[in-house]
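Okay, so here's the structure we're looking at.
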Amino acid sequence: MHRPPGFPAGRPCAIDGSRSAGGSGLAEDAESIEPKRRRFRLAAVLPLAGALAIAAVVAFVAYRAVFELSLSGTRANASHRLDLYAASFEREIGKYASYPYVMALDGSILALLANPTDSLLRYRADSYLEALNDRIGTLDVFLLDKTGRVIASSNWNKWDSFVGRDLSYRPYYQNAGVGRVTRFYGIGTTNRQPGYFLATAISRGNDTLGIGVVKVSLEQLERSWASAESPAILSDEHGVVVLSSVPAWKYGTLVALDEKARREIAEAQQYNDRPLAPIGLSTLRQLDDGTRIVRLPGAAGSDSSFSTEGLFLAESRAMPETPWTLTVFTDLSEMDDLARLWAALAGLGSLLCLGLLAVYRQRRRHLREILAARAALQRAHDHLESQVADRTAALSSANERLREEVEERERAERTLRDAQSGLVQASKLASLGQLSAGIAHELNQPLAALVTLSGNAVRFLERGEFDTVRGNLERVRPLVERMGNLTGELKSFARKSSGEPQRVGLRKLIDDVLFLLNHRLTRGGVAVTIDIDGGDIELWCDANRFEQVLLNLIGNAVDAMEGQDDQRIHLSARLEGDFARIDIRDSGPGLPPERLAHMFEPFFTTKAPGVGLGLGLTISAGIIRDFGGELVASNAEGGGAVFSMTIPIGAGEAT
Ligand code: ADP
């Protein structure tokens with residue numbers, strides 16, 4: 001989507017006149033969006049960071065708990081193993097502990113000590129020591145005089161013979177005492193062979209005559225350690241490893257040696273020129289019972305059956321009668337792995353729990369929102385219900401009012417209809433009034449004839465002219481019938497119509513009306529012509545009311561032509577679809593425009609007061625409209641007025 005430069009992304013931009021001051025509104029928006037975004041990011045990241053922190057703490061606690069739990073069992077094993085190692089060491093050394101004493105028991109030794117320069121005595125002592133060495137399986141057995149010089153040795157006749165060497169710098173010479181064995185580990189200065197030295201002073205009375213020394217090899221012990229299941233080391237008072245199940249660590253140190261220690265070692269020529277570098281052991285934790293958790297560096301080229309790298313439990317013990325310390329290492333890597341596994345599981349489990357908790361809280365919040373929405377919906381529904389009830393009540397009352405109004409209207413309509421029908425009747429009676437003079441004239445003629453005929457009849461009867469009397473009386477009958485017809489027509493016209501439509505023949509209706517108007521027509525000499533298509537047309541209307549319309553229209557035509565020489569009325573009718581079209585045309589003056597405009601209005605009349613009411617056309621048009629037709633007026637082409645009407649035909653309707 002194209003976005004104009006400067007519009008913030010992800011937010012619809014409203015075109016608002018209030019912000020139109022040089023686009024500063026947009027700039028403010030951009031400024032306020034950034035902190036919001038930061039807050040939003042913080043709100044998303046904080047719980048995650050918190051959860052990770054909790055998981056890390058849980059993992060750490062689980063690691064420590066599992067580690068400590070496993071450690072107690074491991075400690076017992078380590079302690080037991082240390083006992084075994086210590087015992088094997090003691091046993092190995094203990095075998096040789098008495099041999100320095102044994103030397104003092106031999107006469108050749110004592111004799112040589114008493115007379116050290118005697119070469120025969122020296123030979124005897126050398127031979128003895130050689131035989132003893134062979135017998136007890138030690139590396140060397142030799143004798144020092146009280147100055148620390150070797151005066152006899154088991155290797156007296158070998159290239160590396162100690163005889164004549166001054167070993168007064170060796171601690172076993174310096175510390176040797178009567179009745180006790182001094183122990184020392186060192187590398188031979190002559191043959192560079194490492195060995196374990198056991199020495200004791202040989203004395204007579206209070207005089208120390210010399211020192212008896214046995215040098216023992218610890219290789220076998222070392223070999224047995226190498227095949228053990230975990231590393232073990234023996235370190236001297238300076239921390240130099242003198243014996244180790246890992247060959248690479250031998251003559252390494254547990255801690256870096258300080259100057260004093262290096263000097264002492266150098267003075268005793270204990271390890272010759274060995275570099276005595278630290279083996280790289282680091283103590284991680286000191287435990288309550290003196291054991292330590294350490295990390296071992298591993299040993300290059302080690303072909304031991306055990307691991308020499310990683311976490312170990314180090315348990316040490318000072319070896320009795322020596323300044324040495326035996327340390328046994330127990331591999332903790334499996335334990336460490338197990339604790340790590342548990343830590344990982346606990347961490348993941350806590351993350352899972354926190355996740356579930358978050359989901360649960362989210363669901364609860366969602367549920368609360370749904371409930372709130374539902375409550376709001378219910379409130380809206382209730383509100384709507386009450387509104388609907390109010391509106392229904394208002395509607396009912398409006399309906400009631402409407403019904404009352406309808407009734408009122410119906411009443412008014414009824415009244416109007418009654419009034420109209422009264423008006424129609426009144427107009428009809430008015431027409432009758434207009435006809436009355438003519439009717440009276442129409443009745444007078446037969447009545448006068450009747451009077452004459454009856455008077456003549458009496459005279460002819462007195463003269464005995466019975467045939468003439470009969471002739472007169474026979475002429476009476478049609479006169480009476482004509483009078484009866486006239487009064488009958490009058491009666492039928494004057495009656496109040498029912499208003500119900502029925503099928504009626506147009507021709508008869510025209511004849512009836514012309515009969516009523518006969519006097520007026522003949523008096524004015526009006527020529528009436530009738531032209532009905534097909535001879536007659538059946539109409540669907542109220543005959544009485546239609547007669548009233550015809551009477552009005554023909555009467556108006558007669559009025560309009562009054563006084564003219566040429567008075568003609570032409571009635572024509574034809575079918576137009578479902579209607580009959582009837583035209584009444586006269587030869588009168590026609591309809592000027594101002595008359596045409598107002599002619600159908602009530603009380604419009606051009607006739608003299610008392611002659612016309614001005615209701616004839618209004619009522620006629622109303623009657624035709626009631627039939628479903630139409631009444632219009634116009635001027636005929638050759639002069640005169642034409643009133644045209646359409647009336648539904650009665651075809652197909654039952655009479
Ligand atoms: P009234 O006959 O009482 O005057 P109408 O409503 O019948 O009332 O007629 C209204 C007027 O229409 C008449 O006064 C007359 O001026 C005019 N009028 C009606 N018929 C004709 C006609 N055939 N020719 C000329 N004018 C007519």
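Bear in mind the structure is a predicted one, so any value in this text is a computation, not a measurement. Order of listing sets the numbers, starting from 1, for every ligand and every atom in it. Basis for what follows: all heavy atoms, side chains included, without hydrogens, waters or symmetry-related copies.
- The existence of a salt bridge linking Glu405 and Arg409 is excluded, since no basic side-chain nitrogen approaches an acidic carboxylate oxygen closer than 4.0 Å.
- Checked for salt-bridge contact, Glu462 and Arg459 miss the test: no charged N lies under 4.0 Å from a carboxylate O.
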Would you give me the side-chain donor-acceptor pairs under 3.5 Å for residues 362-378, sequence neighbours excluded?
from, atom 1, to, atom 2, distance (Å)
Gln362, OE1, Arg365, NH2, 2.9
Gln378, NE2, Asp382, OD1, 3.0

What does the contact table look like for ligand 1 (nitrogen or oxygen on each side, cut-off under 3.5 Å)?
from, atom 1, to, atom 2, distance (Å)
ligand 1, 2 (O), Asn556, OD1, 3.1
ligand 1, 2 (O), Lys607, NZ, 2.4
ligand 1, 3 (O), Leu613, N, 2.9
ligand 1, 3 (O), Gly614, N, 3.0
ligand 1, 4 (O), Thr605, OG1, 2.4
ligand 1, 6 (O), Gly616, N, 3.3
ligand 1, 6 (O), Leu617, N, 2.9
ligand 1, 7 (O), Asn556, OD1, 3.3
ligand 1, 7 (O), Asn556, ND2, 2.8
ligand 1, 14 (O), Thr605, OG1, 3.2
ligand 1, 14 (O), Thr606, N, 2.7
ligand 1, 14 (O), Thr606, OG1, 3.1
ligand 1, 16 (O), Thr606, OG1, 2.2
ligand 1, 23 (N), Asp586, OD2, 2.8
ligand 1, 26 (N), Arg595, NH1, 3.0

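- Counting heavy atoms of neighbouring residues, nucleotides and ligands inside a 6.0 Å radius, atom CZ of Phe60 does not exceed 12 of them.
- Salt bridge present: Glu576 and Arg574 bring a charged side-chain N and a carboxylate O closer than 4.0 Å.
- Looking at Arg285 and Glu68, a side-chain N of the basic residue comes within less than 4.0 Å of a carboxylate O on the acidic one, giving a salt bridge.
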